[in-house]
4 protein chains.
Amino acid sequence: MSKTQAVSVDSVAPLGPISPAKARILAVAVDLFHEKGYERTTVRDIAERTGILSGSLFHHFKSKQEILYTAMAMTTQAMGQSAEAAVTGVDDPVAQLKALILMELNSIHREDGHAAYVLVDEWRSLDPEHAAAVLKLRDGSYERCWMAALEGCADKGILKNNPRIARQLLRGALAWTRTWFRADGALTLPGLADEVCGTFLKS
Amino acid sequence: MSKTQAVSVDSVAPLGPISPAKARILAVAVDLFHEKGYERTTVRDIAERTGILSGSLFHHFKSKQEILYTAMAMTTQAMGQSAEAAVTGVDDPVAQLKALILMELNSIHREDGHAAYVLVDEWRSLDPEHAAAVLKLRDGSYERCWMAALEGCADKGILKNNPRIARQLLRGALAWTRTWFRADGALTLPGLADEVCGTFLKS
Amino acid sequence: MSKTQAVSVDSVAPLGPISPAKARILAVAVDLFHEKGYERTTVRDIAERTGILSGSLFHHFKSKQEILYTAMAMTTQAMGQSAEAAVTGVDDPVAQLKALILMELNSIHREDGHAAYVLVDEWRSLDPEHAAAVLKLRDGSYERCWMAALEGCADKGILKNNPRIARQLLRGALAWTRTWFRADGALTLPGLADEVCGTFLKS
Amino acid sequence: MSKTQAVSVDSVAPLGPISPAKARILAVAVDLFHEKGYERTTVRDIAERTGILSGSLFHHFKSKQEILYTAMAMTTQAMGQSAEAAVTGVDDPVAQLKALILMELNSIHREDGHAAYVLVDEWRSLDPEHAAAVLKLRDGSYERCWMAALEGCADKGILKNNPRIARQLLRGALAWTRTWFRADGALTLPGLADEVCGTFLKS
DNA sequence: TATGAATGAGCCTTCATTCAT
DNA sequence: GATGAATGAAGGCTCATTCAT
């Protein structure tokens with residue numbers, strides 16, 4: 001996917017250090033993007049909820065777009081690290097897969113932030129250059145973990161689909177849980193993870 | 001979901017007759033929404049590509065929002081009819097499920113319009129009242145077909161998941177294909193439909 | 001006043017014959033202008049309440065402005081005739097004055113139309129040329145009657161003010177009654193007319 | 001009048017502090033409303049004459065309507081204060097009445113602003129809620145002064161009419177002077193005030 | 001005469017961004 | 001770093017008027 005992009009990534013500034021002020025702005029922005037969407041969230045909304053004035057935002061980010069990009073890039077990095085952590089020291093590909101599914105579900109449904117939502121829902125609001133930069137981050141780490149686990153399962157002959165296709169079907173199915181899943185007595189996040197894992201593996 | 005909505009649907013005008021002019025505007029709008037998203041599409045964009053002036057749009061639709069609503073409602077109705085057609089005369093629940101999966105994939109990937117994309121991607125741009133009206137349309141027909149097929153499979157003991165969960169996982173997985181699936185020699189739409197169907201059924 | 005206007009009246013078409021259709025449109029327009037004001041009344045409002053479509057209005061009047069002008073000019077003419085009728089055969093200037101005051105009050109407060117309101121309230125919405133034409137109509141007949149009565153009173157030494165000033169004070173006082181006077185047991189229109197007349201004459 | 005209004009005043013923001021920028025905008029707006037009327041004055045007109053761009057207006061006022069409301073409310077307050085000042089320390093009700101008449105005429109005909117014109121002429125352009133708020137301001141102070149003076153005259157038996165009616169007739173007569181009175185050698189504002197006062201009192 | 005789609009200028013308002021203080 | 005007034009380009013929508021049918 002990213003290989004077919006003709007867009008240069010060089011013009012996108014790398015993720016600099018995140019000061020506490022920046023972090024607060026990002027947290028607010030992510031919540032707001034989740035509530036109303038990027039386009040309908042104004043820079044004033046973000047400033048107001050952060051407790052500063054709109055002009056001050058631009059001392060921290062040079063544009064609204066950069067806020068979105070930073071949020072997505074950070075989330076991507078964080079999820080990459082979570083993925084690495086989830087599979088580190090786990091040899092069994094089935095266990096790896098189960099861990100990754102649970103990790104992705106946790107990212108989506110965690111209560112203290114909506115960064116993973118934004119990563120899916122606001123993709124189209126990201127400029128092509130920024131999108132390419134985020135994709136590059138994602139493919140480097142997060143997706144590598146997934147493909148390793150899936151290919152491990154395939155090698156053992158227990159994956160129902162081709163690993164590439166399985167990955168895409170899984171991604172869609174998991175991302176969509178944000179619209180319907182609510183933890184309750186009957187179904188917990190780990191329970192859902194097990195169920196999804198079982199679906200994609202031969203029983 | 002729709003049951004917990006406090007929003008009244010009564011204020012939303014029912015879908016009136018679609019004149020040729022309206023149909024042309026809708027087709028253009030759907031393409032544009034797909035290309036750039038609802039928010040970034042201006043009424044002037046729509047008018048220009050339709051070949052009329054922006055003021056003329058408002059003879060046919062009383063607001064930009066109504067264009068979105070009409071497009072979504074029409075697509076929902078059309079998909080409901082396609083779903084009914086797909087299962088009519090088919091008794092075997094597995095065959096029904098296969099037909100519905102293929103039908104949904106066809107809706108998403110048809111070349112002459114992007115209405116199904118819009119139905120998924122622009123959901124958040126729809127006012128609560130309009131959203132409730134569309135949901136009502138969808139639950140009445142389209143989702144009923146799906147649940148009948150899935151429950152049929154479950155009754156025969158060959159569905160891997162609870163029907164409700166299966167439906168949601170399937171919906172996410174299928175909708176997401178819009179971002180990665182491109183028909184080529186190796187994988188056709190019916191081939192993908194078979195593969196997805198097989199994933200969710202015990203082999 | 002009209003003498004100092006440099007505006008030519010020639011460009012304003014004289015009042016042609018008023019067909020029944022025109023009359024109905026005018027009646028509706030006057031009511032609407034009274035309810036919402038000229039600017040806030042749309043040509044579609046007028047058409048709708050008349051029971052025709054907006055395009056059809058322009059077969060009867062060549063512009064919205066012409067509707068206003070026609071309504072004002074007709075009202076002016078009608079009030080001129082009422083004034084002539086009120087003083088015809090009356091010799092005593094005090095009786096004339098009383099009759100004119102009552103006539104003006106009746107015009108303002110009649111129940112079957114709001115033409116006199118419009119004449120006062122929408123003056124500023126009238127183009128200078130049309131305004132000059134209406135003024136000319138008014139000065140020719142209506143105001144002549146008033147001045148004759150007031151000068152008659154002055155000649156008898158019973159008018160408190162200079163006739164020109166008295167006329168202006170009276171006009172303002174009477175026009176303003178539209179905002180506060182409501183007929184009830186205590187105060188009728190003839191009663192008010194008597195009271196006003198008494199105010200401006202030495203007792 | 002205001003008692004029969006069902007409109008709540010609570011939703012109307014109280015008059016905040018008037019910054020110099022706001023004051024300049026208001027002065028310009030009032031002049032423009034006087035020249036062309038509220039409806040025909042565009043926010044671009046106001047901005048241009050103020051020397052700013054149209055977008056900047058909305059830093060100071062949240063809508064065009066709020067500009068009108070603020071102008072009217074300020075004028076109402078100012079006239080209330082003028083009225084209090086005019087009668088303070090004056091015991092004789094005739095002198096009070098004379099002072100109030102002159103004060104009202106001065107407000108209407110002052111050369112440095114047309115606020116009092118706007119107060120009368122653009123009443124109908126004011127939203128019902130804002131109108132109720134202005135009425136409340138007016139009845140609290142301005143009208144109280146008038147009624148006190150008129151009732152004082154009535155108690156002495158020298159007022160020709162019932163005080164309520166006298167007030168309304170006076171208001172109409174004085175407001176209308178804006179259309180015809182021009183100070184010249186023959187008639188000055190104080191001269192006119194005397195004349196009007198004499199009209200309403202028994203000689 | 002009536003219709004109603006189309007016109008196109010114009011309106012109020014929003015909003016990301018800049019910059020002097 | 002923070003402020004908040006100012007910018008100026010759009011944006012959605014309105015509306016008097018025209019005209020082919």
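Order of the sequence lines sets the chain letters (A, B, ...), proteins ahead of strands, with each chain counted from 1.
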In numerical order, the residues of residues 60-74 of chain D whose heavy atoms come under 4.0 Å of DNA chain E are D/Ser63, D/Lys64

*Do we see a donor-acceptor contact under 3.5 Å between the side chains of D/Tyr38 and D/Gln65?*
yes

request  = May I ask you to test the C/Lys36-C/Asp45 pair for a side-chain heavy-atom distance under 4.5 Å?
outcome  = yes

Are any non-hydrogen side-chain atoms of A/Val134 and A/Trp123 less than 4.5 angstrom apart? yes

Counting the atoms with a prime plus P, OP1 and OP2 as sugar-phosphate, which does D/Thr41 contact under 4.0 Å by heavy atoms, base, sugar-phosphate, or nothing?
sugar-phosphate

Worksheet item: Looking at side-chain heavy atoms only, is the closest gap between C/Leu135 and C/Thr76 below 4.5 Å?
Response: no

- Query: Is it true that D/Glu35 and C/Arg124 make a salt bridge, defined as a side-chain N closer than 4.0 Å to a carboxylate O?
  - Reply: no

Next on the checklist: Main chain of C/Thr41, side chain of C/Lys64: is a donor-acceptor contact present, judged purely on distance under 3.5 Å?
Outcome noted: yes

Students should find that the nucleotides of DNA chain E closing off the region near chain C, any atom under 4.0 angstrom from a heavy atom, are E/dA2 to E/dA6

ask   = Heavy-atom distance under 4.5 Å between the side chains of A/Phe58 and A/Val43, does that happen here?
value = yes

CZ (A/Phe61) and OG (A/Ser63) are apart, to the nearest 0.5 Å, by 10.0 Å

Under a 4.0 Å heavy-atom cutoff, the residues of residues 49-58 of chain B touching DNA chain E are B/Ile52, B/Leu53, B/Gly55, B/Ser56

Taken to the nearest whole Å, CG/B/Asp127 to C1'/F/dG12 is 14 Å

In DNA chain E, consecutive runs of at least three Watson-Crick or G-U pairs below 3.5 Å, as range with range, amount to E:2-21 with F:2-21

Between CZ of B/Arg44 and C1' of F/dG11 the distance, given in whole Å, is 7 Å

- Query: Judged by atom type as modelled, is there a donor-acceptor pair below 3.5 Å linking the side chain of D/Thr75 to the main-chain atoms of D/Ala71?
  - Reply: yes

Sequence neighbours excluded, the answer for salt bridge (charged side-chain N to carboxylate O under 4.0 Å, His left out) partners of A/Asp31 is none

Show me the donor-acceptor pairs, under 3.5 Å and distance only, between side chains in residues 14-29 of chain A and residues at least two apart or in other chains.
unit_1	atom_1	unit_2	atom_2	d
A/Ser19	OG	A/Lys22	N	3.1
A/Arg24	NH2	A/Thr50	O	3.4

Within-4.5 Å side-chain heavy-atom neighbours: B/Phe33 and B/Ile46:
yes

Comparing D/Ala21 with C/Val43, nearest DNA chain F nucleotide closer to 5' gives the residue D/Ala21

Notebook entry, point to check: Under 4.0 Å between a Lys/Arg side-chain N and an Asp/Glu carboxylate O for D/Glu66 and D/Lys62?
Noted result: yes

B/Leu32 atom CG is separated from F/dG11 atom C1', nearest whole Å, by 15 Å

